[in-house]
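In this chain, residues are counted from 1 in sequence order.
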Amino acid sequence: MDALKEMSSGRWHNGFNGKIGESLESAADLCFLLNSLPPSAKKKRKEVLRGLLGNIGEDCIIHSLFRCDIGNNIRIGDRVICNFNLSILDEALVEIGDDVFIGPNTTICTITHSLDREERVKGVMRALPIKIGDGAWLGAGVTIMPGVEIGEGSVVGACSLVTKNIPSGVLAFGSPCHVVRKLTPDNKRVP
């Protein structure tokens, strides 16, 4: 099996593979280029993002600093706003829907390593996909772990560690993140 396909298969595998290393380096170079461009260089930034990511929709804003591992595994919808210092470890697919807000210092992490020391130092790891539904908002400093889905319209509060799926239309926060309440027309504003 191709190393990149094996990496995103969800199975445990050796991630210290030359082909994976080449992809990591290529994405790092494009991230460096993107982060060296001024915000006013909108056309060039969009060009770099289109070369880096699997898909980026219309009217998206990705502030620097931005960092990803592979790039091709990231699919971003329309009208997405990603604030400063977003890191996406995209060894598996990361789908970000339309109209998503992502706060500063957020980490989206599809990859995990073996808990066994001997395996870990040999590169044993696996990656699971992450999906963020349309209209979701991730507050500042959120970390999303492998295999998690965030439902449409949900809000994840600042500094949350998301280890399990969050359903649609809820406010959730904490470490570990948990649902606090359903969002209704009567409670959608911050007091």
Indicate, with yes or no, if [Y] and [X] share a hydrophobic cluster defined by side-chain heavy-atom contacts under 4.5 Å among Ile, Leu, Val, Met, Phe, Trp and Tyr.
| X | Y | answer |
| --- | --- | --- |
| Ile108 | Leu52 | yes |
| Trp137 | Phe173 | yes |
| Val180 | Val155 | yes |

Option from Leu171, Val170, Leu183 for which side-chain contact (heavy atoms from CB on, under 4.5 Å) with Ser154 holds: Val170
With side-chain contact (heavy atoms from CB on, under 4.5 Å) as the test, pick out the partner of Leu49 among Leu34, Asn55, Ile74, Leu30. Leu34
Considering residues at least two apart in sequence or located in another chain, which fulfil the side chain to side chain contact (heavy atoms under 4.5 Å, CB included) criterion with [X]?
| X | result |
| --- | --- |
| Cys82 | Ile62, Val80, Leu86, Ile102 |
| Asp78 | Glu58, Asp98 |
| Pro38 | Ser40, Ala41 |

How long is the gap from [atom1] on [X] to [atom2] on [Y], to the nearest 0.5 Å?
| X | Y | atom1 | atom2 | value |
| --- | --- | --- | --- | --- |
| Asn73 | Glu95 | CG | CD | 10.5 Å |
| Glu91 | Leu128 | CD | CG | 11.5 Å |
| Leu93 | Arg75 | CG | CZ | 5.5 Å |
| Arg45 | Leu33 | CZ | CG | 9.5 Å |
| Ile132 | Ile96 | CD1 | CD1 | 4.5 Å |
| Lys131 | Ile144 | NZ | CD1 | 13.5 Å |

Any idea which heavy atoms bring [X] and [Y] closest together, and the distance?
| X | Y | value |
| --- | --- | --- |
| Ile70 | Asp90 | N-OD1, 2.8 Å |
| Pro129 | Ala92 | N-CB, 3.7 Å |
| Ser160 | Gly174 | OG-N, 3.0 Å |
| Asn35 | Ser64 | OD1-OG, 3.1 Å |
| Ala136 | Gly151 | CB-O, 4.0 Å |
| Pro146 | Thr110 | CB-O, 3.3 Å |

Answer whether the closest heavy-atom distance between the side chains of Val48 and Phe32 falls below 4.5 Å. no
Selection residues 100-128 - residue pairs positive for salt bridge (charged side-chain N to carboxylate O under 4.0 Å, His left out), sequence neighbours left out: none
Show every salt bridge (charged side-chain N to carboxylate O under 4.0 Å, His left out) that has at least one partner inside residues 59-73, sequence neighbours left out. none
Check: residues 161-168 side-chain donor-acceptor pairs under 3.5 Å, at least two apart:
{"unit_1": "Asn165", "atom_1": "OD1", "unit_2": "Glu149", "atom_2": "N", "d": "2.8"}
{"unit_1": "Ser168", "atom_1": "OG", "unit_2": "Glu152", "atom_2": "N", "d": "3.0"}

side-chain contact (heavy atoms from CB on, under 4.5 Å) between Cys68 and Cys31, worked out: CA-CA 7 Å; Cys68 65; Cys31 288; 3.8 Å; yes
Who else is in Leu89's hydrophobic cluster (ILVMFWY, side-chain heavy atoms under 4.5 Å, direct or via others)? Phe16, Ile111, Met125
Keeping the roles fixed (side chain from Arg11, backbone from Glu6), state whether a donor-acceptor pair exists under 3.5 Å. no
State which residues pass salt bridge (charged side-chain N to carboxylate O under 4.0 Å, His left out) with Glu47; sequence neighbours excluded, sorted by chain then number. Lys44
Non-neighbouring partners of Arg79 that pass salt bridge (charged side-chain N to carboxylate O under 4.0 Å, His left out), sequence neighbours left out: Asp99
Counting only heavy atoms not in Phe66 (residues, nucleotides, ligands), do more than 12 fall under 6.0 Å from its CZ? yes
Considering only residues two or more places apart or on different chains, which pairs with a residue in residues 85-134 satisfy ring-ring contact (aromatic ring centres under 6.0 Å, His included)? none
Intermediate values then yes/no, side-chain contact (heavy atoms from CB on, under 4.5 Å), Ile76 and Leu53: CA-CA 8 Å; Ile76 298 177; Leu53 305 178; 3.8 Å; yes
Under the rule for side chain to side chain donor-acceptor pair (under 3.5 Å), what residues qualify as partners of Asn85, not counting sequence neighbours? Asn105
Please name all residues satisfying ring-ring contact (aromatic ring centres under 6.0 Å, His included) with Phe84, sequence neighbours left out, ordered by chain then number. His63
